[in-house]
Amino acid sequence: MYTENNTVAPQSLEGGVTRKILSYSKNLMTVELRFPKGGVGAKHSHPHEQIGVYCVRKIDLSGGGV
């Protein structure tokens, strides 16, 4: 699957986070995520594998001590 990033509209999530779903199938989803300074993503899970592209300078991926 091929997707041109500029053809995908961003979706607003909690806390000012935005995402673009660049491709997906039954087993895999690829997204671009943008966080505002100090932004925090909501804890969640996925029924499939996921690849995320984070457009930030610094990110804390601590999973609550995991």
Side-chain angles (χ1 to χ4, degrees):
M1 173 182 267
Y2 175 81
T3 304
E4 289 192 32
N5 188 299
N6 63 349
T7 65
V8 180
Q11 299 171 329
S12 295
L13 305 177
E14 294 179 24
V17 177
T18 61
R19 76 173 178 187
K20 288 184 176 185
I21 299 174
L22 302 176
S23 64
Y24 63 91
S25 69
K26 182 177 93 173
N27 299 315
L28 180 66
M29 175 185 248
T30 304
V31 297
E32 174 190 290
L33 297 162
R34 290 185 181 260
F35 290 83
K37 185 173 184 174
V40 177
K43 186 173 182 177
H44 63 285
S45 63
H46 298 273
H48 47 68
E49 295 185 52
Q50 183 153 3
I51 297 172
V53 177
Y54 298 92
C55 302
V56 296
R57 294 182 187 165
K58 179 180 176 184
I59 187 167
D60 178 2
L61 292 176
S62 61
V66 177

Peer 1: To check you understand the geometry: which heavy-atom pair defines the closest contact between Ile21 and Val8, and what is its length?
Peer 2: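 So the minimum-distance heavy-atom pair works out to O-CG1, 3.6 Å.
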Peer 1: Quick one: list whatever passes side chain to side chain contact (heavy atoms under 4.5 Å, CB included) with Glu4, sequence neighbours left out.
Peer 2: Tyr2, Asn6, Thr7
Peer 1: I'd like to check the side chain to side chain donor-acceptor pair (under 3.5 Å) partners of Asn5; sequence neighbours left out, ordered by chain and number.
Peer 2: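 Partners of Asn5 by the side chain to side chain donor-acceptor pair (under 3.5 Å) criterion, ordered by chain and then number, come out as Lys20, Glu32.
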Peer 1: Taking side chain to side chain donor-acceptor pair (under 3.5 Å) as the test, write out the residues that go with Ser23, two or more places apart.
Peer 2: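 In terms of side chain to side chain donor-acceptor pair (under 3.5 Å), with neighbours along the sequence ignored, Ser23 is linked to Thr30.
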Peer 1: Give me the atom names and distance for the closest heavy-atom approach of Gly15 to Pro36.
Peer 2: O-CG, 3.4 Å
